[in-house]
There are 2 protein chains.
Amino acid sequence: MSTPRENLSYKDIKRVVLERIQKRIWAPDSLLPSETELAEEFSSTRTTVNRALRELAEEGFLERKRKAGTRVLNAPLRKAQFTIPQVSDEITEAGKTYRYSLVNRALIDMPSWLSAKLATKATQQVLYIECMHFADNAPFQYEVRWIMPKSVPAALDADFREVGPGSWLAQEMPFTDLEVTFTATKADQQIAEFLDAREGDPIFTTQRTTWLRAQPVTHARLYFAPGYKMTTRL
Amino acid sequence: MSTPRENLSYKDIKRVVLERIQKRIWAPDSLLPSETELAEEFSSTRTTVNRALRELAEEGFLERKRKAGTRVLNAPLRKAQFTIPQVSDEITEAGKTYRYSLVNRALIDMPSWLSAKLATKATQQVLYIECMHFADNAPFQYEVRWIMPKSVPAALDADFREVGPGSWLAQEMPFTDLEVTFTATKADQQIAEFLDAREGDPIFTTQRTTWLRAQPVTHARLYFAPGYKMTTRL
DNA sequence: AATACTTTTATGTCTATACATAAAAATAGG
DNA sequence: CCTATTTTTATGTATAGACATAAAAGTATT
């Protein structure tokens, strides 16, 4: 009576390996059998085992090194992955109605803090935009943005009265690098007014800077209305 | 004179495809050639092209559907991935000296908000821990944590005077599910004192809840000292 | 004992091929 | 014309085999 076993897929192998890690069958810091051995155990091939282990390593459970083998990470550096959302998507996905409103649009001299941050010469002008995003007519996010016309000349022709600069840029302008920073800031009088908050309220704030191959594209500061939570599961 | 072309690796193919997307050679929403066609163009095989496209899809640039083909995403839902760090690592990696201090450790009745959040019966006790994390002797993070002894009986024997509950759990307790929430909160008197802040200061706050296969393991609230920034690049 | 060279080996990747499967497109039936 | 069924097709995955490569382990040389 032989085992009536279907062939395991790479997903099955991932599951089994993960279980063994979690049940401490393969303890932290210990070495796994080689791909060849595992392939034999699962009566699969090295290619399939390789994919399973490679993905588990990407997900932060394993560490792999040529010749040294595959090791279970002791404190799994688990990686929270979350999608950088468009405000409008975030709102509509929550089942609310999205509304956009332009507050201010001007061509200004680049502030020195910005040229320092972006490591560019300050001798150019930037497009400065302030706008609001509403969810069910309640203030959701106050956005302040600087766009580099040198990188995005077309932005000078867009008036941003109908479309937010975020979605406009997402459509028009590709980027290669992104830096996101999250902080808690204090609502000053202006922000409080825009967000329908009290002065001094804690405000969840995101800063985003994007580049297209070393050339700065835009810098944005997104101030969320009080009570905003950013959540991820994994 | 034939083209002296080396075979392209899947990484090369990824690079070329990404360039074409960024240069709008393959515009947003447009359909890419099939894997077979691309394999021919790059004089490679479908397997290799598949890996390149699959990874670009995972990274959020492409959308793939059987039979329908591979499509360029218009607003690339780019995914920020950041590792959930151990406080101690975060501090030492910044070149500072880490110090830990236990503030409070008690076995208490489970608060009703917690049993509601975790969807468990409130009739059990939980291990309640407060502690501090310092960077170069300056307050860095104030941690409040609830551990479910039902899931982690060994926690009752650990006194947490030397090792923080975070790293203890990371070593001892595997988890399968994690929920992380980021918010901005206002420092109350207690938090202000612990973090050397003023009452009312905006405090960047993380909440983490972990489960081991549907069984809640721990819930933690991490209050960061004023000025804390969480940053990712991609 | 310390150094430089060689071997071994586990992972990394590519190829060629086959079959599976979801979903679009075409076709048949009412 | 609408609906149900069949066909087609692009992606999804598995296999067997090969060569590449980093790094550990072993060996020889100073």
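For clarity, every value in this text was computed on a predicted model and none was experimentally measured. Throughout, protein chains are lettered first and strands after them, A, B, ... in sequence-line order, and every chain is numbered starting at 1.
- A:Tyr98 and A:Glu90 share no donor-acceptor pair across their side chains, judged by distance under 3.5 Å alone.
- If you measure from atom CZ of B:Arg51 to atom C1' of D:dT11, you get 17 Å, rounded to the nearest angstrom.
- Mapping A:Thr47 and A:Lys67 onto DNA chain C by nearest heavy atom places A:Lys67 closer to the 5' end of the strand.
- Rounded to whole Å, the distance from NZ on A:Lys14 to P on D:dA14 is 12 Å.
- Under the ring-ring contact (aromatic ring centres under 6.0 Å, His included) criterion, A:Trp211 pairs with no residue, sequence neighbours left out.
- Each of A:Asn50 and A:Gly69 lies near DNA chain C, and the nucleotide nearest A:Gly69 is the one positioned closer to the 5' end.
- As judged by a 4.0 angstrom heavy-atom cut-off over every strand, B:Thr70 is placed among residues touching the sugar-phosphate backbone only.
- Applying the side-chain hydrogen bond (donor to acceptor under 3.5 Å, both in side chains) criterion to A:Arg15, with sequence neighbours excluded, gives A:Asp12.
- Distance, B:Arg71 CZ to D:dT11 P: 11 Å, rounded to whole Å.
- For A:Asp159, the salt bridge (charged side-chain N to carboxylate O under 4.0 Å, His left out) test picks out A:Arg161, with sequence neighbours left out.
- For the side chain to side chain contact (heavy atoms under 4.5 Å, CB included) test, residues two or more places apart in sequence or in another chain that qualify with A:Thr206 are A:Val180, A:Phe182, A:Phe204, A:Arg208, A:Leu222, A:Phe224.
- Rounded to an integer number of Å, the gap from A:Leu38 CG to D:dA14 P is 15 Å.
- Looking at heavy-atom distances under 4.0 Å, A:Ser44 makes contact with sugar-phosphate atoms alone, never a base.
- Between A:Leu31 atom CG and D:dA23 atom P the separation is 15 Å, expressed in whole Å.
- In this structure, A:Arg46 does not reach the D:dA16 phosphate: none of its side-chain N or O atoms is under 4.0 Å from OP1 or OP2.
- In the 5' to 3' direction, nucleotides of DNA chain C lying under 4.0 Å from heavy atoms of chain B begin and end at C:dT13 to C:dA24.
- Under the side-chain hydrogen bond (donor to acceptor under 3.5 Å, both in side chains) criterion, B:Gln141 pairs with no residue at all, not counting sequence neighbours.
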